[in-house]
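Remember, it's a predicted structure, so these values are computed and weren't measured experimentally.
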Amino acid sequence: QEPLVESGGGWVEPGGSLRLSCEASGIMFSRARMGWYRQAPGKQRELVASITSGGDSTYADSVKGRFTISRDNAKNTVYLQMNSLKPEDTAVYYCRCFAYDYWGQGTQVTVSS
């Protein structure tokens, strides 16, 4: 079983919302800093948001006020709520566990009309 499995991607019109989930297994999830990255075609992978074991979060300037990262330690899951989506948010989104340097397989998010 993969240590990180993402879900929740898809297609949405500009202004819409999506929630990504990343379920972890086989790691000390509650103690791990987790993050969401994205990679658009022809661009480098970038950190979108991260959350510490204590719940402190950071965001890329491009998503501040629109995206929210959260975690449920009881479910070993980290979430990325994405609101007011823009076409430039289109990318493959990856979950990462910093402590183990594990990455998920990625989930496609497409924002277009």
Candidate pair Trp11 and Leu18, rule side chain to side chain contact (heavy atoms under 4.5 Å, CB included), full reasoning: CA-CA 9 Å; Trp11 173 83; Leu18 283 174; over 6 Å; no
N/O donor-acceptor pair under 3.5 Å between [X] side chain and [Y] backbone:
| X | Y | result |
| --- | --- | --- |
| Arg33 | Phe98 | no |
| Gln105 | Glu6 | yes |
| Thr90 | Val111 | yes |
| Tyr100 | Met28 | yes |

Over all heavy atoms of both residues, which pair between [X] and [Y] is shortest? Give the atoms and the distance, please.
| X | Y | result |
| --- | --- | --- |
| Gln108 | Ala91 | NE2-O, 3.4 Å |
| Arg96 | Trp103 | CD-CZ2, 3.4 Å |
| Ala49 | Leu80 | CB-CD1, 4.2 Å |
| Cys97 | Ile27 | SG-CD1, 3.8 Å |
| Pro3 | Tyr102 | CB-CD1, 3.5 Å |
| Ser62 | Arg38 | OG-NH2, 3.4 Å |

Rounded to the nearest 0.5 Å, how far apart are [atom1] of [X] and [atom2] of [Y]?
| X | Y | atom1 | atom2 | answer |
| --- | --- | --- | --- | --- |
| Lys86 | Ser84 | NZ | OG | 8.0 Å |
| Leu4 | Thr77 | CG | OG1 | 10.5 Å |
| Tyr94 | Thr107 | OH | OG1 | 10.0 Å |
| Ser30 | Asp72 | OG | CG | 11.5 Å |

Check ion pair Asp61-Lys64 (N to O, under 4.0 angstrom):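 Counted as a salt bridge, because a side-chain N and a carboxylate O are separated by less than 4.0 Å.
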Distance under 6.0 Å and angle within 45° of ring axis: Arg71 vs Phe29: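 Arg71 over Phe29 ring: yes.
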Geometric cation-pi criterion, Arg45 with Tyr37: 6.0 Å, 45°: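 That pair does not qualify as a cation-pi contact.
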Find out if a path of hydrophobic residues (ILVMFWY) with successive side-chain heavy-atom gaps under 4.5 Å connects [X] to [Y].
| X | Y | result |
| --- | --- | --- |
| Val109 | Met34 | yes |
| Tyr93 | Val12 | yes |
| Tyr79 | Phe67 | no |

Min side-chain heavy-atom separation Arg66-Tyr59 under 4.5 Å: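 No, their side chains stay 4.5 Å or more apart.
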Beyond-backbone contact of Met82 with Val63, side-chain heavy atoms, under 4.5 angstrom: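 Contact flag for Met82/Val63 side chains = no.
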Member of Leu20, Ile69, Asn73 meeting the side chain to side chain contact (heavy atoms under 4.5 Å, CB included) criterion with Val78: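 Option passing the side chain to side chain contact (heavy atoms under 4.5 Å, CB included) with Val78: Ile69.
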More than 12 heavy atoms of other groups within 6.0 Å of Glu88 CD: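 Result for CD/Glu88: enclosed.
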